[in-house]
Amino acid sequence: MKSIQSIRRGERLTILILLVFFLGMGILVFKVVRESSFYMSHSDDVTLGKVYDRDEQVLFDPDATAEMYGNDYFLDVGNLIGDDSGQMTNTLVSENLESLQNYSLVFGAAPHGKTGIYTTLDHQANQAVYQAFGSKNGTAIAYNYKTGEILVCVSKPSVNILDNYANIAELPEGSLICKAFYGTVPGSTQKVITTAAALDILGYDGLMAKSYTCNGIYTTKYNQQIKCHDLNGHGTENVVQGFENSCNPFFAQLVQDLPLDRLIEDYRKAGIAVNDDKKTKIEIDGIQSFTASTKLTDTSDFDTMWSCMGQSEAMASPCQMMMWESAIANGTGKMTNPYLIDHTTNVTGGTKYTADTSYSDAVFSADIAAQVKEIMRQNGQDRYSSIGYPVGVKSGTAQVDNGASENSLLVGFNDDPNLPIAFCVVIENRTSGELSTSELVSTMLNALSQE
């Protein structure tokens with residue numbers, strides 16, 4: 001009897017050992033399948049595929065030389081597409097190395113594989129915008145507000161990846177990052193969100209019935225001064241006029257009439273982190289984008305008023321500013337989520353991944369989207385007809401470096417179903433008489449209309 005019991009115990013132990021063995025093997029196989037691409041992407045034994053624009057122009061080639069492409073061919077996308085050198089992070093290549101490797105479990109390393117990333121970018125339009133900046137620095141980003149395809153994304157200064165970083169210590173500040181995805185002071189472009197909040201709180205008729213007087217300077221109840229860019233004042237204005245004039249005293253008085261809790265609620269709906277909120281994540285194909293933030297504490301106080309006009313504690317990325325415009329332009333109140341990768345291919349050239357259009361939660365209602373659109377289109381018709389397209393826009397002048405310099409911004413959309421573009425452009429340290437944001441947008445739309 002004891003012998004039989006011992007045999008049975010042995011059988012159970014053997015079964016247990018086999019179960020543990022096969023479980024371990026299963027976990028090992030799972031990890032090999034799941035993680036092999038990561039390790040192989042960092043191996044010198046695996047070659048990388050190329051990155052292409054929407055017309056299959058090359059944007060990244062691991063074997064690129066100046067003789068093959070021309071010395072400045074990649075300059076407009078240097079800090080957006082990047083390379084595999086490890087010198088830059090938060091670029092399309094650095095964040096998608098696994099998708100570029102010519103390797104698969106079935107075929108192993110395939111030196112002549114057809115792995116590739118096909119982007120939504122329009123390289124010719126991108127180069128045109130980059131060249132239009134001339135000697136000025138800044139950033140420009142634009143996408144199809146119906147589909148989410150990023151068509152233009154320029155950041156200056158940039159880096160020439162064909163130089164192999166020989167002069168990296170001498171590169172101007174900001175050369176190794178794409179500023180479209182990093183925080184900047186939004187200036188008066190923030191008045192778009194403040195106007196939408198006012199429409200939500202007061203209603204269309206209620207806001208349209210309001211008027212405020214600008215004498216050049218508005219003094220808060222705390223004896224703080226809000227100055228207009230026109231110290232002679234604009235006189236009595238309604239919201240359409242205050243928006244077109246970008247009048248600070250008008251918006252200071254408007255903010256003062258809004259309940260703080262409702263204002264904070266509407267700002268949060270727009271994805272803005274208010275008063276040290278935890279920031280929601282914005283990611284475009286692995287690229288991390290800065291999330292807008294601000295502080296709102298007292299609608300009668302200078303700092304809150306100033307934040308609602310895009311100064312003080314207000315920060316946003318040009319990418320997110322562009323996304324807000326899509327929620328207005330597409331008529332839904334929902335932002336069209338941007339993407340840069342249209343599709344990828346595997347080592348045999350077969351399609352591995354294809355992007356889909358998607359939307360955010362509602363930033364505001366469709367009615368408010370239509371009402372803000374009306375105000376912005378009126379501004380475009382009255383002040384920005386030189387752009388040459390039916391645009392809705394809001395300009396901004398952002399004081400940076402403690403007021404030592406000013407950046408010029410323009411956000412908006414082209415209200416044309418055949419060219420549905422939302423955009424944000426920033427020209428750094430601009431002075432009067434230099435390249436204007438409207439000229440830059442006109443160049444961009446002209447280039448995209450040739451698509």
Side-chain angles (χ1 to χ4, degrees), residues 29-127 143-144 147-153 160-162 164 178 283-287 338-358 451:
V29 170
F30 174 77
K31 287 179 68 66
V32 167
V33 172
R34 184 178 181 182
E35 299 177 9
S36 62
S37 60
F38 170 79
Y39 292 108
M40 293 305 293
S41 68
H42 293 78
S43 169
D44 294 334
D45 296 329
V46 174
T47 62
L48 296 178
K50 297 176 182 178
V51 177
Y52 303 90
D53 85 336
R54 64 192 300 105
D55 297 316
E56 298 191 16
Q57 286 192 23
V58 174
L59 301 179
F60 165 73
D61 178 349
D63 301 315
T65 64
E67 289 73 25
M68 293 169 59
Y69 292 96
N71 189 58
D72 294 334
Y73 177 82
F74 297 105
L75 191 55
D76 64 297
V77 294
N79 50 22
L80 168 66
I81 303 299
D83 59 18
D84 60 328
S85 67
Q87 295 288 355
M88 288 184 286
T89 58
N90 212 39
T91 66
L92 191 72
V93 170
S94 70
E95 305 309 312
N96 292 277
L97 279 173
E98 293 181 44
S99 297
L100 277 174
Q101 61 184 3
N102 279 311
Y103 167 83
S104 73
L105 279 174
V106 176
F107 297 101
H112 304 292
K114 299 179 181 179
T115 298
I117 292 177
Y118 293 77
T119 72
T120 59
L121 209 68
D122 184 328
H123 195 204
Q124 288 189 336
N126 215 62
Q127 288 176 319
Y143 78 153
N144 184 315
T147 64
E149 300 164 284
I150 296 177
L151 301 169
V152 169
C153 190
N160 191 340
I161 60 172
L162 295 178
N164 296 315
C178 183
E283 182 179 307
I284 299 97
D285 296 314
I287 296 173
Y339 60 91
L340 193 53
I341 296 177
D342 178 77
H343 67 280
T344 63
T345 55
N346 58 27
V347 292
T348 63
T351 301
K352 186 177 180 180
Y353 161 82
T354 302
D356 291 317
T357 298
S358 63
E451 174 66 22

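Reckoned from all heavy atoms, side chains included, excluding hydrogens, waters and symmetry mates.
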Straight-line distance of [X] [atom1] to [Y] [atom2], nearest 0.5 Å:
{"X": "E98", "Y": "T115", "atom1": "CD", "atom2": "OG1", "answer": "12.5 Å"}
{"X": "I81", "Y": "T119", "atom1": "CD1", "atom2": "OG1", "answer": "5.5 Å"}
{"X": "L59", "Y": "K50", "atom1": "CG", "atom2": "NZ", "answer": "11.5 Å"}
{"X": "N102", "Y": "N346", "atom1": "CG", "atom2": "CG", "answer": "10.0 Å"}
{"X": "I341", "Y": "T354", "atom1": "CD1", "atom2": "OG1", "answer": "11.5 Å"}
{"X": "L100", "Y": "I117", "atom1": "CG", "atom2": "CD1", "answer": "3.5 Å"}

What pairs with [X] under side-chain contact (heavy atoms from CB on, under 4.5 Å), at least two apart in sequence or on another chain?
{"X": "T89", "answer": "E95"}
{"X": "D72", "answer": "L75, N160"}
{"X": "N90", "answer": "Y182, I287, Q288"}

Report the residues that fulfil ring-ring contact (aromatic ring centres under 6.0 Å, His included) with [X], sequence neighbours left out, ordered by chain and then residue number.
{"X": "Y353", "value": "none"}
{"X": "Y52", "value": "Y118"}
{"X": "F60", "value": "none"}

Tell me, please, which residues at least two apart from [X] pass side chain to side chain donor-acceptor pair (under 3.5 Å).
{"X": "S99", "value": "none"}
{"X": "D84", "value": "none"}
{"X": "N96", "value": "none"}
{"X": "Q57", "value": "H123"}

*Do any N or O atoms from the side chain of Y73 and from the backbone of L162 form a donor-acceptor pair under 3.5 angstrom?*
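It does not hold such a pair.
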
*Is the backbone N or O of H343 less than 3.5 Å from a side-chain atom of T351, with the two atoms forming a donor-acceptor pair by type?*
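No.
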
*Does a donor on one side chain and an acceptor on the other come within less than 3.5 Å for S85 and Q87?*
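Result is no, nothing qualifies.
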
Looking at [X] and [Y], what are the two nearest heavy atoms and their distance?
{"X": "V46", "Y": "Q101", "answer": "CG1-CB, 3.8 Å"}
{"X": "M88", "Y": "N79", "answer": "SD-CA, 4.0 Å"}
{"X": "I150", "Y": "I284", "answer": "CD1-CG2, 4.0 Å"}
{"X": "C153", "Y": "C178", "answer": "SG-SG, 3.5 Å"}
{"X": "G148", "Y": "Y143", "answer": "O-CD1, 3.5 Å"}
{"X": "V77", "Y": "N126", "answer": "CG1-ND2, 3.6 Å"}

*Tell me, please, which residues at least two apart from E56 pass salt bridge (charged side-chain N to carboxylate O under 4.0 Å, His left out).*
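Per chain and number, E56 pairs via salt bridge (charged side-chain N to carboxylate O under 4.0 Å, His left out) with no residue.
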
_Pairs flagged by salt bridge (Lys or Arg N to Asp or Glu O under 4.0 Å) wherever residues 339-356 is involved - sequence neighbours left out_ =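 Those involving residues 339-356 do not exist here.
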
*So do L121 and L80 actually touch side chain to side chain, heavy atoms under 4.5 Å?*
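Counting from C-beta outward, L80 and L121 do come under 4.5 Å.
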
*Can you tell if the side chain of M68 reaches within under 4.5 Å of the side chain of D61, non-hydrogen atoms only?*
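The answer is yes, as the side chains (C-beta and beyond) meet within the 4.5 Å cut-off.
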
*Step by step, would you call L151 with R54 a side-chain contact (heavy atoms from CB on, under 4.5 Å)?*
CA-CA 9 Å; L151 301 169; R54 64 192 300 105; 3.2 Å; yes

